Amino acid sequence: MLEESLKSIKAAEAKAEDVMKEADAKAASVLEEAKEKARAMKEETAQKMRSLSHETMQTVQAEGSRQLDEAVKDARKEIDALKELVISKKPEAVEEVISALV
């Protein structure tokens with residue numbers, strides 16, 4: 001009976017050892033899986049940030065181009081207005097120059 005009890009205890013210890021090894025292996029597997037998920041999430045986040053940065057840069061460039069085009073249009077309008085003013089004042093300027101020379 002003592003011998004059977006010792007065998008049962010040794011069998012239980014062996015089984016407990018197997019369960020511990022299995023638990024260690026599962027823990028290592030879960031940890032590796034968690035690390036891989038964390039790496040994937042980190043890469044995904046970095047990719048999203050790069051994409052967002054690129055989109056933001058494109059938006060800023062488009063806005064800058066739009067503002068530059070608007071400034072060019074305004075400058076052309078002002079130039080045209082000044083040309084009209086010069087044309088309308090040309091006869092007076094010619095008379096002033098002639099008067100100054102005479």
Side-chain angles (χ1 to χ4, degrees):
M1 171 121 179
L2 181 60
E3 198 172 298
E4 285 180 30
S5 293
L6 288 174
K7 283 182 184 179
S8 290
I9 290 172
K10 285 187 182 189
E13 287 176 346
K15 188 173 183 180
E17 184 70 30
D18 288 343
V19 168
M20 289 296 290
K21 285 179 183 178
E22 190 178 311
D24 285 343
K26 180 137 179 127
S29 174
V30 168
L31 180 60
E32 193 57 39
E33 187 178 320
K35 284 181 183 180
E36 185 56 38
K37 283 183 181 179
R39 276 191 284 270
M41 289 172 66
K42 183 178 177 183
E43 181 56 34
E44 182 182 346
T45 300
Q47 182 62 35
K48 284 180 181 177
M49 292 304 293
R50 284 189 292 270
S51 178
L52 181 61
S53 176
H54 181 70
E55 290 171 9
T56 301
M57 185 178 288
Q58 286 179 327
T59 301
V60 168
Q61 287 175 340
E63 179 62 20
S65 292
R66 188 195 66 73
Q67 288 179 358
L68 181 60
D69 290 345
E70 190 66 32
V72 167
K73 285 179 187 176
D74 290 346
R76 285 185 179 151
K77 285 179 185 176
E78 192 170 330
I79 289 169
D80 290 342
L82 288 172
K83 283 181 182 178
E84 290 295 321
L85 181 63
V86 167
I87 289 171
S88 69
K89 298 286 183 174
K90 187 175 181 179
E92 292 176 28
V94 169
E95 282 186 37
E96 288 290 326
V97 169
I98 292 174
S99 293
L101 291 174
V102 175

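Start at 1 with the first residue, then count along the sequence. Given the structure is predicted, the values throughout are model-derived calculations rather than measurements.
- If you take CE on Met57 and CZ on Arg50, they are separated by 13.5 Å, rounding to the nearest 0.5 Å.
- The CD atom of Gln47 lies 11.5 Å from the CG atom of Leu52; values are rounded to the nearest 0.5 Å.
- Between the side chain of Ser29 and the backbone N or O of Ala25, no donor-acceptor pair lies under 3.5 Å.
- The side-chain hydrogen bond (donor to acceptor under 3.5 Å, both in side chains) pairs that include a residue from residues 63-83 are Glu63-Arg66, Glu63-Gln67, where partners are two or more places apart or lie in different chains.
- Put simply, NZ on Lys42 and CZ on Arg39 are 10.0 Å apart, with the number rounded to the nearest 0.5 Å.
- Lys26 is not listed as a side-chain neighbour of Glu22, based on a closest heavy-atom distance of 4.5 Å or more.
- With respect to the salt-bridge test (charged N to carboxylate O, under 4.0 angstrom), the residues Lys37 and Glu33 qualify.
- Atom OG of Ser53 sits about 15.5 Å away from atom NZ of Lys48, to the nearest 0.5 Å.
- In this structure the side chain of Glu17 never reaches within 4.5 angstrom of the side chain of Glu13, judged on heavy atoms.
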